[in-house]
Number of protein chains: 2
Amino acid sequence: MATMKDVARRAGVSTATVSRVLNGHSAPTPETRARVLAAVEALEYRPNVLARSLRVHSTQTLGLVISDLLNPFFAEIARAVEDEARKHGYVVIFGNADENVEQQERYVRTLLDRRVDGLLVCPATDDDGWVSEVSARNVPLVLLDRRIDVGGAPVVNADGAAALRELAAHLVKLGHRRIGVISGPEDTSTGRERLHAFNDALRSLGHPVAPDLVTHGDFRRRSGADAASWLLGRPEPPTVLVAMDNLMGLGALEELRRLGRRIPDEVGLAIYDDQPWFPLFEPAITVVAQPTEEMGGAAVRSLLALINGEQPAEVHLDARLIVRASCGERL
Amino acid sequence: MATMKDVARRAGVSTATVSRVLNGHSAPTPETRARVLAAVEALEYRPNVLARSLRVHSTQTLGLVISDLLNPFFAEIARAVEDEARKHGYVVIFGNADENVEQQERYVRTLLDRRVDGLLVCPATDDDGWVSEVSARNVPLVLLDRRIDVGGAPVVNADGAAALRELAAHLVKLGHRRIGVISGPEDTSTGRERLHAFNDALRSLGHPVAPDLVTHGDFRRRSGADAASWLLGRPEPPTVLVAMDNLMGLGALEELRRLGRRIPDEVGLAIYDDQPWFPLFEPAITVVAQPTEEMGGAAVRSLLALINGEQPAEVHLDARLIVRASCGERL
DNA sequence: GCCGTGCGTGTATTCGATTACACGACCCGG
DNA sequence: CCGGGTCGTGTAATCGAATACACGCACGGC
């Protein structure tokens, strides 16, 4: 691989001049410029990013730690993040935390060691041990999807309260009174907030959720199936299941199929997070959809603002209800 | 951030000694070692990976270029790759080519510029312009899923021939004679190979595919829907649709739903690639499943072997047929 | 008492860029 | 004709580690 020195030699100038030409600095003569560019061409010179980064303390790299790449919600986020980052000339390094705090912490450290210019994290849980390390190295940090109580880091997420209110009204209107909730973990903000928003909505409609019909999963498929199984085994089983995440929803659906329950006649189902295949189920699934693409894009933009020393921008988008057929029409 | 020099000063030794302790080199005295480690601890020293990489010409980083992160097949691959890489102490940088040759080429270049130690590519098409650049910088390369004719680079993929033979037999046994095929692009190895294997199988069963029932999509959802629409509009429409990729399969299913065709009574459907939700459709979808996890893992292992100067290992795993209900039971 | 040997450590170079500073050429005003 | 400004370019330090080589010291054999 040709280095800058080689280019300089061939163009008959110093490396400083080569650097200036390549970075559009100050003003080398048009002739010098041409000679340098010719040499670059001839030698197929490509700058060594490592050397440059070492010198200028910036890697044009963003770190993204997500909970689970196999969760289509996070895959969409990852995709959007990568897309927006690329538009701004940044590259993204991903880390998969697997909904696991230790692995998340390891990855944060790895990414910091790689000298990312900024960090995007979808926290696995409320645990914030890793944050101190990030701020100690003062690397800009943006929290994505899930919030944790930590000073300074802006949060980009989708607010589901309004959509959940609509969902509650929808279910009540259809005559559902025993509503089973498959909530996320209590130690995640999304787990808590969705449940509370939904509870509040039902209460204000005069139909508070029965406490024995609320279960907590872990945002994974298996836990959704288990929760559904448990809920349907109650003495007075629910007439509809609300899963607060797409994987748990999938698990619940799986269990309903396994038990042979007809949807929505025997049990209704609503899921938080939309997926391209949800409309294709029989019946099509009623969902609360999050604007994943916008979330990813906004998160990157907030992070870049932070990196450029600008005001950190908090962004709260709105989730929205998409009524399909899976909750029935029992007016 | 503390540097090695700081550690050296605090421990009263030279940076060379610090380096030796940290890398387990030769043999510093136990006492020196202890002093150095204490200093490292006290200063919370973390080595600068950039500097190290610059010096030793190795970044412990792998590049992965995939066609589409939103395609669950590739998401699974990405996940598996990241997992295996981490086990070996490597970090993965992803690039999303979006089934787009130029973007793929740009990403390959970006990853090379980042000095990845090895490159894993799922080629978007047969185009191999980018390969020369990789070999020019002699960076180890492993092709994943799709093959292109290029010397040297080992391929890791799944062979679907046997499974497609089984599928052909299954369909014929169920009485299907007009079989519509939604194939992948002709300029991808997977597109060609799956179609040819399936054709061969049917021919040898005495029921060759009617040429007017073969269409080519682009491995995306939309093209699957269009293809299904076209096939079902033929004068003598097929009694079953075979989609050679999960996204096109989803598109075909979407179109069948839109047209209100009952599956499998009016039209059957089989899809190449399994997905967790395919068994949950009504009826459950018959599929050819690829061992994605093994593919990702094997690809990483082959790449690491190459990096270590060992023999490049080609790996061909087997896809397998999973019969469910979507092709009917019309014996 | 001398010399080789081996071991632990330090000195100084290197990886490949960026950039502060200095220098020489040239032009212009007084 | 000389002092000062501008402009283009080169010199050399720097980023933070790894490592070739050299050095000093202790030890053992003759």
Side-chain angles (χ1 to χ4, degrees), chain A residues 1-40 43-61 89 110 112-117 137-139, chain B residues 1-40 43-61 89 110 112-117 137-139:
Chain A
M1 286 280 331
T3 75
M4 205 149 171
K5 218 148 112 187
D6 302 323
V7 174
R9 186 159 350 133
R10 188 174 226 273
V13 298
S14 74
T15 60
T17 300
V18 176
S19 174
R20 282 189 276 254
V21 169
L22 261 30
N23 295 299
H25 261 314
S26 61
T29 291
E31 297 92 79
T32 327
R33 170 179 225 77
R35 281 223 312 289
V36 169
L37 291 177
V40 165
L43 297 173
E44 295 186 321
Y45 167 74
R46 308 243 76 208
N48 184 323
V49 179
L50 295 168
R52 171 169 218 290
S53 296
L54 177 61
R55 185 63 234 255
V56 303
H57 301 284
S58 138
T59 53
Q60 298 289 104
T61 303
T110 302
L112 290 177
D113 283 350
R114 300 264 163 172
R115 297 298 196 272
V116 293
D117 291 345
R137 305 217 205 167
N138 53 356
V139 169
Chain B
M1 285 283 329
T3 75
M4 206 149 168
K5 220 149 107 187
D6 302 323
V7 175
R9 187 158 351 135
R10 189 174 226 275
V13 299
S14 75
T15 61
T17 300
V18 175
S19 174
R20 281 189 277 255
V21 169
L22 262 31
N23 295 300
H25 260 313
S26 62
T29 291
E31 297 92 79
T32 328
R33 172 180 224 75
R35 282 223 311 290
V36 169
L37 291 178
V40 164
L43 297 173
E44 294 186 321
Y45 168 73
R46 308 243 75 207
N48 185 323
V49 179
L50 295 167
R52 172 169 217 288
S53 295
L54 177 60
R55 184 63 232 259
V56 302
H57 301 285
S58 138
T59 53
Q60 297 288 105
T61 303
T110 303
L112 290 176
D113 282 350
R114 300 263 161 172
R115 296 299 198 271
V116 293
D117 290 346
R137 305 216 205 168
N138 51 357
V139 170

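Below, chains carry the letters A, B, ... as their sequence lines are ordered, and counting in each starts from 1.
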> Which is true for B/Ser53 with a 4.0 Å heavy-atom rule: it touches a base, it touches only sugar-phosphate, or it touches nothing?
Replying inline: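 Here B/Ser53 touches no strand at all.
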Determine whether [X] and [Y] make a side-chain contact, defined as any pair of heavy atoms from C-beta on separated by less than 4.5 Å.
{"X": "B/Arg114", "Y": "A/Thr61", "result": "yes"}
{"X": "A/Arg33", "Y": "A/Val36", "result": "no"}
{"X": "A/Arg9", "Y": "A/Val18", "result": "no"}

>> Tell me the bend of the helix from C/dG1-D/dC30 to C/dC27-D/dG4 as the angle between end helix axes, each from five pairs, rounded to the nearest 10 degrees.
In response: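 Both end axes considered, the difference amounts to 70°.
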>> Can you give me the closest heavy-atom contact between A/Leu112 and A/Val139, atom names plus distance?
In response: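 So the two residues come closest at CD2-CG2, 3.6 Å.
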> Between B/Asp113 (CG) and C/dA17 (P), how many Å, whole number?
Replying inline: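 So the two atoms are 11 Å apart, to the nearest Å.
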>> Within the 4.0 Å limit for protein heavy atoms, which parts of nucleotides 10-22 of chain D are touched? Write it as a string from 5' to 3', B for base, S for sugar-phosphate only, - for none.
In response: BB-BBBBBBB---
Side-chain donor or acceptor of [X] paired with backbone N/O of [Y] under 3.5 Å:
{"X": "A/Arg35", "Y": "A/Ala11", "result": "yes"}
{"X": "A/Thr3", "Y": "A/Lys5", "result": "yes"}
{"X": "A/Thr59", "Y": "A/Arg115", "result": "yes"}

>> Distance alone, cut at 3.5 Å: any donor-acceptor contact between the side chains of B/Thr32 and B/Arg20?
In response: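 Checked: B/Thr32/B/Arg20 side chains show no N/O donor-acceptor pair below 3.5 Å.
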